[in-house]
A.B. asks: 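Have a look at this one before I ask anything.
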There are 2 protein chains.
Amino acid sequence: MTEPIQRRARATRANLIAAAEAIVAREGFGGLRVEQVVKAAGVAKGTFFTHFADKDVLMEQLVAKRLSRLMDALQTARRPSSAKGLAATLGPVIELLTCERYVFDLVQRASLADGPIAEALSRLDIIITGWFGGLFGAPPFRTDLSPKVMAEGIRAFTLMAMARHVARPGKQTEPIKALATQVEAYLMPPE
Amino acid sequence: MTEPIQRRARATRANLIAAAEAIVAREGFGGLRVEQVVKAAGVAKGTFFTHFADKDVLMEQLVAKRLSRLMDALQTARRPSSAKGLAATLGPVIELLTCERYVFDLVQRASLADGPIAEALSRLDIIITGWFGGLFGAPPFRTDLSPKVMAEGIRAFTLMAMARHVARPGKQTEPIKALATQVEAYLMPPE
DNA sequence: AAAACGAATTGACCACGGTCAGCTTTCGGG
DNA sequence: CCCGAAAGCTGACCGTGGTCAATTCGTTTT
């Protein structure tokens with residue numbers, strides 16, 4: 001569960017993760033089966049569960065890894081100067097987290113618990129908070145709220161936009177546009 | 001799946017629902033097992049799935065029934081006159097939807113799809129929209145947004161508050177207070 | 001009333017995540 | 001080098017949701 005001690009165990013774990021990544025690349029996150037993973041890694045099923053408390057824990061790691069890469073990119077991005085720009089900046093994140101229904105559900109469950117996904121998302125909060133300047137927001141955004149509250153609001157809107165997107169397969173729900181509307185209403189109220 | 005034609009089938013379906021409600025009353029939503037339900041209703045397992053596409057469909061109906069009763073109560077409630085009042089008014093809804101992790105996850109999945117839960121929640125949107133008056137909000141709330149956008153914003157904040165509450169078993173997260181903070185920021189910006 | 005046909009029901013079966021008592025490997029100390 | 005303890009691994013087994021070919025029941029037609 002925690003980082004293994006012996007070299008053999010570390011190798012096993014790495015094999016499991018590598019096998020899982022290959023399967024995800026081929027069949028998507030939702031298509032992964034634990035039996036497949038252990039077979040590909042050449043270990044017994046029970047071994048899987050000595051390394052990961054359950055399937056979700058592994059999946060969280062895989063998703064978090066990708067999410068983390070997006071955070072690296074965002075960290076060097078320019079501070080957006082409008083609500084629309086802010087929404088657009090979040091585009092890649094939205095795309096990843098809504099690429100499959102399975103992924104979205106997983107993230108939703110994990111987004112406020114302890115774990116790598118919550119960690120990655122809190123990085124996002126920190127980045128956004130940074131964009132808003134110091135203790136309070138900075139123009140052109142409103143300046144009466146703490147960045148923490150603002151970041152949480154943005155997170156709520158983002159989740160909502162993604163949820164609608166994922167719930168309506170087929171229909172183009174334009175999550176980024178919907179997000180921009182809400183973010184603008186929230187961060188740039190009239191006057 | 002859809003309303004059965006023969007009298008016998010309608011009775012079977014009613015038995016299944018009654019059995020399920022009894023089990024939920026005893027063991028909670030998350031404790032319900034399909035095998036239990038069919039045993040209590042005196043039918044075979046396969047029968048269950050001719051009446052409900054899957055377990056979730058039944059559970060949605062049970063939760064939606066309770067939710068619907070809350071909507072009936074809300075419909076006759078007075079229009080709240082502050083953000084805090086608005087948040088408090090949503091208290092019973094929050095309480096129901098966060099009474100179990102299982103319920104919250106179910107609702108989250110169902111809240112934007114087709115089905116009884118989405119229907120009940122859209123009733124809530126209509127009620128809230130009504131509170132905001134006509135085409136736009138009404139004082140003391142901001143008046144530059146359409147009620148539809150406002151209702152969606154409130155929904156996003158509500159889900160977020162509930163998600164945090166459910167994700168932190170033990171810790172008192174005061175979802176109503178958190179919700180009030182966001183709603184106030186959103187609906188009553190300075191100036 | 002008998003035949004014919006679709007609705008409803010059945011239960012053995014499957015897929016898949018997860019468990020656990022027992023076995024094997026690794027490693028530190030004598 | 002050997003031994004004992006701890007870490008790691010195994011695979012038969014389980015619980016639970018869901019499937020489907022076969023069968024029974026109810027209704028309509030002749």
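In what follows, every heavy atom counts, from backbone to side chain, and hydrogens, waters and symmetry copies are set aside. Naming: A, B, ... by sequence-line order, numbering from 1 per chain.
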A.B. asks: Does anything in residues 87-102 of chain B pair up under salt bridge (charged side-chain N to carboxylate O under 4.0 Å, His left out), and if so which pairs, sequence neighbours excluded?
C.D. replies: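 The answer is Arg101(B)-Asp105(B).
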
A.B. asks: Within residues 7-22 of chain A, which residues have any heavy atom lying less than 4.0 Å from an atom of DNA chain C?
C.D. replies: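 Going residue by residue through residues 7-22 of chain A, the ones with a heavy atom under 4.0 Å of DNA chain C turn out to be Arg8(A).
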
A.B. asks: List the atom pairs, with distances to 0.1 Å, where a side-chain N or O of residues 83-90 of chain B and a protein N or O form a donor-acceptor pair under 3.5 Å, not counting sequence neighbours.
C.D. replies:
from: Thr89(B); atom 1: OG1; to: Gly85(B); atom 2: O; distance (Å): 2.6

A.B. asks: Under 3.5 Å, side-chain donor or acceptor atoms of residues 30-39 of chain A against the rest of the protein: list the pairs with distances, not counting sequence neighbours.
C.D. replies:
from: Arg33(A); atom 1: NH1; to: Gly30(A); atom 2: O; distance (Å): 3.4
from: Glu35(A); atom 1: OE2; to: Lys45(A); atom 2: NZ; distance (Å): 3.4
from: Gln36(A); atom 1: OE1; to: Arg33(A); atom 2: N; distance (Å): 3.2
from: Gln36(A); atom 1: NE2; to: Glu27(A); atom 2: OE2; distance (Å): 3.0

A.B. asks: For Gln61(B), which residues count as a side-chain hydrogen bond (donor to acceptor under 3.5 Å, both in side chains) partner, sequence neighbours excluded?
C.D. replies: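 Applying side-chain hydrogen bond (donor to acceptor under 3.5 Å, both in side chains) to Gln61(B) gives none.
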
A.B. asks: According to a strict under-4.0 Å criterion, is His51(B) in side-chain N/O contact with OP1 or OP2 of dT9(C)?
C.D. replies: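 So the side chain of His51(B) is within the cut-off, an N or O lying under 4.0 Å from OP1 or OP2 of dT9(C).
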
A.B. asks: Let's see if you get this right: which residues in residues 27-38 of chain A place a heavy atom under 4.0 Å from DNA chain C?
C.D. replies: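 Heavy-atom contacts with DNA chain C come from Leu32(A), Arg33(A), Val34(A).
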
A.B. asks: Report the residues that fulfil salt bridge (charged side-chain N to carboxylate O under 4.0 Å, His left out) with Arg66(A), sequence neighbours left out, ordered by chain and then residue number.
C.D. replies: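 None.
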
A.B. asks: Less than 4.0 angstrom from a charged side-chain N to a carboxylate O is my criterion; do Glu152(A) and Arg164(B) meet it?
C.D. replies: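 Arg164(B) and Glu152(A): salt-bridged.
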
A.B. asks: Are the aromatic rings of Phe157(A) and Tyr186(B) close, with centres under 6.0 Å apart?
C.D. replies: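 Yes, the ring centres sit under 6.0 Å apart.
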
A.B. asks: Which residues in residues 53-60 of chain A have a heavy atom closer than 4.0 Å to any atom of DNA chain C?
C.D. replies: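 Here the set is Asp54(A), Lys55(A).
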
A.B. asks: According to salt bridge (charged side-chain N to carboxylate O under 4.0 Å, His left out), does anything in residues 178-190 of chain A pair up with another residue at least two apart or in another chain? List the pairs.
C.D. replies: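 Every pair satisfying salt bridge (charged side-chain N to carboxylate O under 4.0 Å, His left out) with a residue in residues 178-190 of chain A: there are none.
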
A.B. asks: Dot-bracket for DNA chain D, 5' to 3', with Watson-Crick and G-U pairs under 3.5 Å, [ ] for crossing pairs and | for other-strand pairs: what is it?
C.D. replies: ||||||||||||||||||||||||||||||

A.B. asks: With sequence neighbours left out, which residue pairs that include part of residues 108-131 of chain A fulfil the salt bridge (charged side-chain N to carboxylate O under 4.0 Å, His left out) condition?
C.D. replies: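 Residue pairs passing salt bridge (charged side-chain N to carboxylate O under 4.0 Å, His left out), neighbours aside: Asp56(A)-Arg109(A), Asp72(A)-Arg123(A), Asp125(A)-Arg155(A).
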
A.B. asks: Would you call Tyr102(A) and Met59(A) a side-chain contact if the rule is heavy atoms closer than 4.5 Å?
C.D. replies: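 Touching, per the 4.5 Å side-chain cut-off.
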
A.B. asks: Taking the side chain as everything from C-beta on, heavy atoms only, tell me whether Thr158(A) gets closer than 4.5 Å to Ile154(A).
C.D. replies: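 Contact flag for Thr158(A)/Ile154(A) side chains = yes.
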
A.B. asks: Output one line per pair: protein atom, nucleotide atom from nucleotides 20-23 of chain C, and distance, for all N/O pairs under 3.5 Å.
C.D. replies:
none

